[in-house]
Amino acid sequence: MSLGRAFKPGRKALIPYLTVGYPSIETTLEVVPALEASGADIVELGIPFSDPLADGTTIQEASHLSLEAGTTPRACLDTARRLRERGVRLPLVFMTYYNPVFHYGLDAFCAACAEAGVDGLIVPDLPPDEGAGLELATQGHGLDLVYLLAPTSPPDRIRLVAEHSRGFIYLVSLTGVTGARASLPADLEAFVRRVRQATDLPLCVGFGISTAEAARRVAAVADGVIVGSRLLQMIKGARDPAASASAFIAELRQALDGPGPHVILKERSD
Amino acid sequence: MAALAQLEAAYTQARQDAAFQQELASLLRHYAGRPTPLYYAQRLSQHCGGARILLKREDLAHTGAHKINNALGQGLLAQRMGKPRIVAETGAGQHGVATASVCAKLGLECVVYMGTEDIQRQSLNVFRMKLLGAEVRPVGSGSRTLKDAINEAIRDWVTNVDTTHYLLGSVVGPHPYPVMVRDFQSVIGTEAQDQVLAQYGRLPDYAVACVGGGSNSMGTFYPFLRDEGVKLVGVEAAGKGLDTGQHAASLNRGQPGVLHGALSYLMQDEHGQVLPTHSISAGLDYPGVGPEHAYLKDSERATYVAVTDDEALEGFKLLCATEGIAPALEPAHALAYAARLARKAGPNAIILVCLSGRGDKDMHTVAQALGVTL
């Protein structure tokens with residue numbers, strides 16, 4: 001399967017991120033079906049890593065606690081498999097740093113992903129310049145490999161990523177690391193438009209998106225919205241993590257579907 | 001990636017620019033005090049009963065270690081790129097002090113990330129950095145040592161990339177850092193080569209240097225790479241012993257892995273998670289190693305051995321007692337190995353040891369290890 005099936009005309013993709021095993025594998029198994037039921041289109045499952053360079057404090061802490069609890073890449077694969085057994089049908093994408101995949105073996109890891117029902121990989125510390133090996137391995141097992149672009153990416157890098165990314169392109173909304181922010185940069189729309197000129201791939205924006213308002217603003221220009229740190233904050237300490245996550249995702253869904261202040265005319269004319 | 005491409009372009013240009021090279025050479029001479037002496041450690045050599053041990057005295061460079069060579073180079077480069085703010089990581093504090101000094105001299109803002117574990121071990125250097133005008137930001141994540149300080153410095157850099165240069169202190173990290181830091185540190189080996197030829201009419205039989213990330217060793221080795229008669233020996237930190245799991249010997253016991261944007265040998269568990277390391281010397285306490293060292297190991301141009309905390313302490317005491325020089329605990333590893341090597345190598349051999357820094361910063365650690373309360 002591929003990530004592309006998540007993008008449908010007239011619907012903006014909502015992509016929540018969870019660190020697998022935070023605070024327990026059982027929580028992940030309960031929350032993901034709830035995300036699907038409340039309007040998510042893809043779920044990003046984070047494989048915890050000891051040195052999450054691209055992440056801010058929320059995901060760093062979640063990764064640390066998950067690792068302390070014993071979560072391994074194998075346990076993440078197993079979690080994906082169990083989610084499929086529980087009837088989760090939406091596309092699942094692993095967000096993982098490169099070393100755990102490299103250490104597992106590129107081909108063996110991709111084979112295991114396909115077998116577990118995972119549709120693709122996002123590897124934030126892998127630029128396309130170094131990605132030939134993993135591109136081959138993902139393609140060999142029918143997986144998508146999603147590359148990232150930053151607002152600082154010059155035109156030649158945008159072209160390179162457009163050429164190599166599969167499924168969608170992950171646009172990092174700001175210069176920096178993951179984490180909920182009060183507001184998004186003013187030049188976000190211009191950045192999305194620059195990339196749009198270079199590709200027909202769906203463009204999904206992540207990093208710093210924490211409110212329905214921000215999600216609506218992103219959805220006005222992009223094809224998908226990625227929300228991670230804020231969701232983990234909701235889950236943290238919640239009496240019923242699945243219910244908390246569900247309520248938050250439903251709110252974002254509504255913001256994306258509802259009559260936005262700017263997009264309403266354009267959408268109706270489609 | 002864009003920032004790395006910009007850095008590579010700026011460095012490639014600066015490298016070929018005579019004016020840049022001249023300015024750097026002038027600062028190395030008048031500010032850092034280069035060339036550093038090549039010193040025949042006669043009583044140490046006699047004590048070891050064999051080869052002639054020559055010390056390349058990087059401990060006499062300004063700020064007390066070889067780190068100033070690279071800090072000056074990158075500081076000038078940052079100025080050239082129009083970046084007014086510098087971030088750096090530090091383990092032992094030597095790179096932090098060198099960077100803070102260079103920033104003070106060049107009028108650049110300076111933020112140094114340092115693991116809370118290291119802040120405790122190296123409180124003197126923390127105070128020095130603050131006096132030099134740097135802001136020292138404690139890093140309490142992960143193992144709270146050098147690797148985590150690098151993580152945090154990289155996070156800062158990607159956030160403030162417009163105004164900020166990341167002044168990385170070792171031959172690690174993504175390209176162009178390993179190449180650039182090697183070039184700036186090669187002044188060590190280049191000078192040593194000239195000095196040993198001038199004083200002894202021939203090249204040394206061995207060049208020995210400690211390896212954490214590997215900048216002083218790469219700077220020592222690089223100019224000798226084509227001199228095949230010179231055996232290159234890197235000395236890693238065996239901590240409490242290579243079989244205890246408490247060490248930082250990535251070339252001896254690590255496996256190939258990717259950390260901080262480079263493929264090299266890495267201390268990692270069976271799941272590819274980076275392992276905590278241990279060394280008595282904060283500067284060697286890093287789970288990775290420069291990728292060019294991995295190449296020198298695989299191509300067998302250099303060999304890599306390991307020395308324990310206890311042996312390093314013996315090396316430290318030996319140099320104090322025989323030469324009146326207190327080395328940093330990092331090169332004490334190299335000294336401990338060189339002393340052993342000297343016994344085997346015979347009286348005609350010449351062993352060059354990079355004495356990469358001075359030991360003032362380590363007095364508390366050494367006192368503690370020897371059971372002395374200061």
* Structure fact -> Interface check, chain B: of A:H103, A:E61, A:R157, most non-hydrogen pairs under 4.5 Å belong to A:H103
* Crowding at CG, A:D156 (>12 non-hydrogen neighbours, <6.0 Å) -> yes
* To do: State, with a plain yes or no, whether a side-chain heavy atom of A:F49 is found less than 4.5 Å away from one of B:V274.
  => yes
* Asked: Does any heavy atom of chain B fall under 4.5 Å from the side chain of A:P52, the backbone, both, or neither of them?
  -> both
* Structure fact -> Whatever's closer than 4.5 Å to a heavy atom in chain A on B:L275 counts as neither
* Asked: Should B:T159 and A:L174 count as side-chain neighbours, where that means a heavy-atom distance under 4.5 Å?
  -> no
* A:T175 vs B:D162 side-chain heavy atoms within contact, under 4.5 Å -> no
* Would you confirm whether B:Q268, through its side chain, and A:P100, through its main-chain N or O, come within 3.5 Å as a donor-acceptor pair? => no
* Heavy-atom pairs under 4.5 Å with chain A are the metric here; pick the option from B:R155, B:Q255, B:E270, B:E152 that has the most. => B:R155
* Asked: Using non-hydrogen atoms only, which part of B:P174 is less than 4.5 Å away from chain A: side chain, backbone, both, or neither?
  -> neither
* NE2/B:H271 to CZ/A:R74 distance, rounded to the nearest 0.5 angstrom? -> 7.5 Å
* Side chain, backbone, both or neither of B:N160 within contact of chain A (heavy atoms, under 4.5 Å) -> neither
* Evaluate the criterion side chain to side chain contact (heavy atoms under 4.5 Å, CB included) for residue pair B:L263 and A:E130; output intermediate values, then yes/no. => CA-CA 11 Å; B:L263 170 62; A:E130 304 288 344; over 6 Å; no
* Could you give the distance from OG (A:S50) to CG (B:N151), rounded to the nearest 0.5 Å? -> 8.5 Å
* **Per-residue contact mode, A:D55 against chain B (heavy atom under 4.5 angstrom)** => backbone
* Structure fact -> Taken to the nearest 0.5 Å, the spacing of A:D125 CG from B:L259 CG works out to 9.0 Å
* Asked: Relative to chain B, which of A:A54, A:S63, A:P73 shows the most heavy atom pairs under 4.5 Å?
  -> A:P73
* Asked: A:N99 and B:V258: which non-hydrogen atoms are nearest, and at how many Å?
  -> OD1-N, 2.8 Å
